[in-house]
Amino acid sequence: MTKLSKASLHDKRLWKGYLLPEFDFDAVARKTREQPIWLHFGAGNLFRAFPAVLAQRLLNSGAMERGVITCEGYDDEIVAGCFRRSDDLTIHITLEPDGAIEKEVIASVTETLVLEQDRARIEQIFAAPSLQMATFTITEKGYALYDGEQRLLPEVALDLKAAPGNSRSFMARLTELLLHRMHSCGAPIALVSMDNCSQNGDRLRQSVLYIADSWYKSGRLSERERIYLLQMVSFPWTMIDKITPRPERTVAERLAADGLQDITPFITKKGTYIAPFVNAERPQYLVIEDDFPNGRPPLDQAGAIFTDRETVHKAERMKVSACLNPLQTALAVYGCLLGYTSIAAEMQDPELAALVGRLGREEGMPVVSDPVVLDPNNFLQEVLQLRLPNPYVPDTPQRIATDTSQKIAARFGYTIQSHGENACGLTCVPLVLAGWIRYLMAVDDTGKPFSCSADPLLCWLQEKMSGISLGSVGEQSVAAVRSVLSNRNLFGADLQACGLMDKTIGYWEEMTVAPGAVRAVLKKYMA
């Protein structure tokens, strides 16, 4: 049996059939520690399947001499139970549509840190003049300062009342690190969100500056510190795209058959699905605003596209609001309601395939602005015909349904607003919104209870809808649903003003009359 370790990589006979690092990872680790250029926050599956692989490409080619240091601020078990057990190595599995897999050992991560445990080392990295960028895959909720009723999160409220130092919330801690950099070396830096959310760079910037402004107004931040944050820190926008499902046991079995040990996926106490390997599709896209005041790694040599903000914005709108993410949300909520556990299997369902096809082509594509660097029609065609139907990408509606409250505004708000006075003519968008409300009842289309996926607003939303059951819709139930749909921050649009409120409620009522009603509604409107 072979253990995933740097020592085992020296015997290439043990790794027949695997792509291996083509660089001296010990030398790279040494250079990275001495002069770091790239720190990444969020050590989960997307990072390991995409940015870390791009770094490996650059290291293999000699275009980059330093690797990536990663820091986990939410789930410590990812570092302790996955990275450090394998010398910070990851096996990257590419899942082809014909069932073939490509196996590669990724060694571009040279150091793994935990935010709370390794504060001194993280401060040391931020103090390095060589540091060019900090990147983030922390999910939409990682940038949040408020809850569903627009109240400051408790840890954020505490941080705003205290002087900078030992902050509890991630965004306040990040702001402290920037101030530490200013006082240590004064060099500029780029903070680059690589999360799947609209105008991600602005979301990061707004969170950091909100905290900084609060400290400034209370006299806890100097004018000089404020100017540094405003003028020396950039927040480039990005569009990132790569479907990265939870690690699949059948993949683990194939790796075990190769003789690898300790490769089984596991779930952390915080609910993260993780393994020493990561499995993902081959298609991937990364479009980045070229705004790096201290230089940047040549990611374009590994396939990333550097461009201006407007082009990134168009590419992001194309993906997040029209061609991929809204389709995934539709499949997520209806998949859970109809008992599916595979996105690919859903694409064989006539009504669901019709729903996402019409959602993309008829309601999303008309409001897409061509980013030129990517062709929208080809992108959508690839999503509908190759990516979502790939039976060897083990993605599930349950995974995609995670944190839907944090995603729904970005995925549907822009489309609704862009249709303007014609928004009332939309069918698929309100069907998805109604499907999500029906999903929150946590009862599938057969009447059987199920567990909703994790969501920071789940308790709040389900409390709003408590007491509603199949076949018992009345004025009180409709009023409760209307109050949820009236939350403009949640949906990214005023559903009443654009003429979709009553239509969405009507679809939800139809789906709630009895078991089997969800399927009946899909048949009725997707015929």
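Computed from heavy atoms alone, side chains included, the values below leave out hydrogens, waters and symmetry copies. Remember, predicted model here, so these are calculated numbers, not experimental data.
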Between [X] and [Y], does at least one N-O distance fall below 4.0 Å, as a salt bridge requires?
X      : Y      : answer
Asp395 : Arg399 : yes
Asp213 : Arg226 : yes
Glu111 : Arg33  : yes
Arg57  : Glu22  : no
Arg119 : Glu116 : yes
Arg205 : Asp291 : no
Lys31  : Glu34  : no

Strictly distance-based, threshold 3.5 Å: is any side-chain N or O of [X] a donor or acceptor partner for the main-chain N or O of [Y]?
X      : Y      : value
Gln398 : Tyr340 : yes
Thr244 : Ala280 : no
Asp308 : Glu310 : yes
Asp159 : Ala172 : no
Tyr392 : Glu281 : no

Query raised in the report: How are the rings of Phe126 and Phe41 set to each other: parallel, tilted or perpendicular (split at 30° and 60°)?
Result: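 Tilted: the ring planes of Phe126 and Phe41 meet at 30° to 60°.
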Report task. Measure the acute angle between the ring planes of Tyr210 and Tyr146, then classify it against the limits of 30° and 60° as parallel, tilted or perpendicular. Result ->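 Perpendicular, since the angle between the ring planes exceeds 60°.
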Taking atom types as modelled, is there a side-chain donor on [X] or [Y] under 3.5 Å from an acceptor on the other?
X      : Y      : value
Gln381 : Asn378 : no
Thr238 : Asn200 : yes
Asp195 : Tyr143 : yes
Asn196 : Lys319 : yes
Glu289 : His313 : no
Arg203 : Gln206 : no

Report task. Please indicate whether Glu65 has more than 12 foreign heavy atoms, meaning atoms of other residues, nucleotides or ligands, lying under 6.0 Å from its CD. Result ->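 12 or below, so no.
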Query - CG (Asn166) with more than 12 external heavy atoms under 6.0 Å - result: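 No.
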Would you call [X] and [Y] a side-chain contact if the rule is heavy atoms closer than 4.5 Å?
X      : Y      : result
Ser234 : Phe292 : no
Leu327 : Leu380 : yes
Pro276 : Thr90  : no
Asn377 : Met365 : yes
Leu131 : Asn294 : no
Pro371 : Pro376 : yes
Val356 : Met347 : yes
Leu179 : Leu221 : yes

Quick one: pull up [atom1] in [X] and [atom2] in [Y] and give me the separation to the nearest 0.5 Å.
X      : Y      : atom1 : atom2 : value
Leu359 : Thr415 : CG    : OG1   : 7.5 Å
Leu54  : Leu299 : CG    : CG    : 6.0 Å
Gln385 : Asn390 : CD    : CG    : 13.5 Å
Leu4   : Ile91  : CG    : CD1   : 5.0 Å
Arg246 : Asn45  : CZ    : CG    : 9.5 Å

Requested in this report: For His92, enumerate each residue passing the ring pair (Phe, Tyr, Trp, His ring centres under 6.0 Å) test, keeping only those at least two apart in sequence or located in another chain.
Outcome: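 For His92 there are no ring pair (Phe, Tyr, Trp, His ring centres under 6.0 Å) partners, ignoring immediate neighbours.
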Please determine if [X] forms a cation-pi arrangement with [Y], meaning its NZ or CZ atom is less than 6.0 Å from the six-membered ring centre and no more than 45° off the ring axis.
X      : Y      : result
Arg48  : Phe83  : yes
Arg254 : Phe277 : no
Arg317 : Tyr414 : yes
Arg387 : Phe379 : yes

Requested in this report: Measure across Lys6 and Leu89 and return the closest heavy-atom pair with its distance rounded to 0.1 Å.
Outcome: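 Where Lys6 meets Leu89 most closely, the heavy atoms are N-CD1, 3.6 Å.
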**Report entry** For Pro97 against Pro391, the heavy-atom pair lying closest together
**Finding:**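 Minimum heavy-atom separation between Pro97 and Pro391: O-CD, 4.5 Å.
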Query raised in the report: Pick from Asp88, Asp118, Asp87: which one makes a side-chain hydrogen bond (donor to acceptor under 3.5 Å, both in side chains) with Thr112?
Result: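 Single side-chain hydrogen bond (donor to acceptor under 3.5 Å, both in side chains) partner of Thr112 among Asp88, Asp118, Asp87: Asp88.
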Requested in this report: Would you mind telling me which of Glu102, Glu104, Glu382 makes a salt bridge (Lys or Arg N to Asp or Glu O under 4.0 Å) with Arg282?
Outcome: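 Exactly one candidate clears the test, Glu102.
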Requested in this report: Please check if the distance between the ring centroids of Phe47 and His40 is under 6.0 Å.
Outcome: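 Yes, ring centres under 6.0 Å apart.
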